[in-house]
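What follows is a set of notes on a single structure, which appears directly below.
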Amino acid sequence: MTDSAKKRCVLIPCSSTETWAVPQNCLGEIVTVQADSDQPPSTVTWRDHTVPVVDVGATDGAPWRDASRGTGLVAVFLGLKGEGCAYWAVAVRGGRLQVVDLSAEAVNDVPEQVSEHSTAAFDFDGVVYQVPDLEGFQKQVAVSA
């Protein structure tokens with residue numbers, strides 16, 4: 001397998017039941033946020049921009065904040081031009097955040113397990129990952145902002 005046949009993806013846990021797989025080039029940065037609350041903020045400041053934060057796992061009990069450090073993580077996405085906002089973020093819940101090189105041979109599509117927030121799902125190493133509808137989320141965030 002050549003490196004060109006692999007896709008670098010970031011696996012982002014968004015809830016106790018949903019982990020997103022996104023191309024690395026969609027992300028601006030994973031940001032550490034100082035927090036007193038167990039819930040993520042509705043916005044964060046990133047590189048002088050106010051960025052709205054989406055919290056997919058708000059009601060399922062997956063931890064957002066590391067209480068011993070008083071911090072949580074958000075993943076800042078680069079927005080699509082003309083879709084209402086330049087950046088938006090998602091709260092990272094849980095400890096399975098990682099970067100992997102994926103090849104077509106290493107994944108199996110599982111369309112019956114696509115979540116409401118996603119356009120596709122696949123199994124990789126025995127775990128189901130969601131391919132989120134990034135354009136849909138950006139439009140939703142832009143309307144709410």
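What you see below is based on every heavy atom in this structure, not just the backbone, and it leaves out hydrogens, waters and symmetry mates. Numbers for residues simply follow the sequence, beginning at 1.
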To check you understand the geometry: which heavy-atom pair defines the closest contact between V90 and V53, and what is its length?
C-CG1, 4.4 Å

Report yes if some heavy atom in the side chain of Y87 is under 4.5 Å from a heavy atom in the side chain of L78; otherwise report no.
yes

Any non-hydrogen side-chain atom of T119 less than 4.5 Å from a side-chain atom of V114?
no

Heavy-atom closest pair, residues S16 and D60:
N-OD2, 2.6 Å

Who passes ring-ring contact (aromatic ring centres under 6.0 Å, His included) against F137, sequence neighbours left out?
W20, W88, H117

Passes side chain to side chain contact (heavy atoms under 4.5 Å, CB included), V100 versus L102? Steps please.
CA-CA 6 Å; V100 296; L102 295 178; 3.7 Å; yes

Contact between V10 and Q98 at the side-chain level, heavy atoms closer than 4.5 Å - yes or no?
no

Rounded to the nearest 0.5 Å, how far does CZ of R93 lie from OG of S15?
8.5 Å

Is there a chain of hydrophobic side chains (I, L, V, M, F, W, Y, each step under 4.5 Å between heavy atoms) that links V33 to W46?
yes

Closer than 3.5 angstrom, by distance alone: can the side chain of Q138 be matched with the main-chain N or O of C85 as a donor-acceptor pair?
yes

Does some side-chain heavy atom of R96 sit less than 4.5 Å from a side-chain heavy atom of T19?
yes

How close do V92 and A75 get, heavy atom to heavy atom, and via which atoms?
CG2-N, 3.9 Å

Do side-chain atoms of Q130 reach the backbone of S115 as a donor and acceptor pair under 3.5 angstrom?
yes

Once you round to the nearest 0.5 Å, how far does CG of L11 lie from CG of L97?
8.0 Å

Over all atoms of both residues, closest heavy-atom pair of L134 and C26:
CD1-SG, 3.9 Å

Please report the shortest heavy-atom distance between S37 and W64, naming the atom on each side.
O-CZ3, 3.7 Å

Out of curiosity, Q113 CD to T17 OG1, how far, rounded to the nearest 0.5 Å?
11.0 Å

Selection residues 16-41 - residue pairs positive for salt bridge (Lys or Arg N to Asp or Glu O under 4.0 Å), sequence neighbours left out
E29-R47, D38-R65

Is the side chain of D101 donor-acceptor paired with the backbone N or O of K6 at a distance under 3.5 Å, no angle test?
no

Is there a path of hydrophobic side-chain contacts, each under 4.5 Å between heavy atoms of I, L, V, M, F, W or Y residues, that connects V127 with V107?
yes

In terms of heavy-atom contacts, P132 and A21 come closest through CD-O, 3.6 Å

With hydrophobic residues grouped by side-chain heavy-atom distances under 4.5 Å, do I30 and F77 end up in a single group?
yes

Validation row: P52, V141 side chains within 4.5 angstrom (heavy atoms)
yes

Can V56 be reached from V22 by stepping across I, L, V, M, F, W or Y side chains whose heavy atoms are under 4.5 Å apart?
yes

same_hphob_cluster(L27, L80) at 4.5 Å side-chain heavy-atom cutoff
no

Taken in chain and number order and not counting sequence neighbours, the residues that satisfy salt bridge (Lys or Arg N to Asp or Glu O under 4.0 Å) with D66 are R69

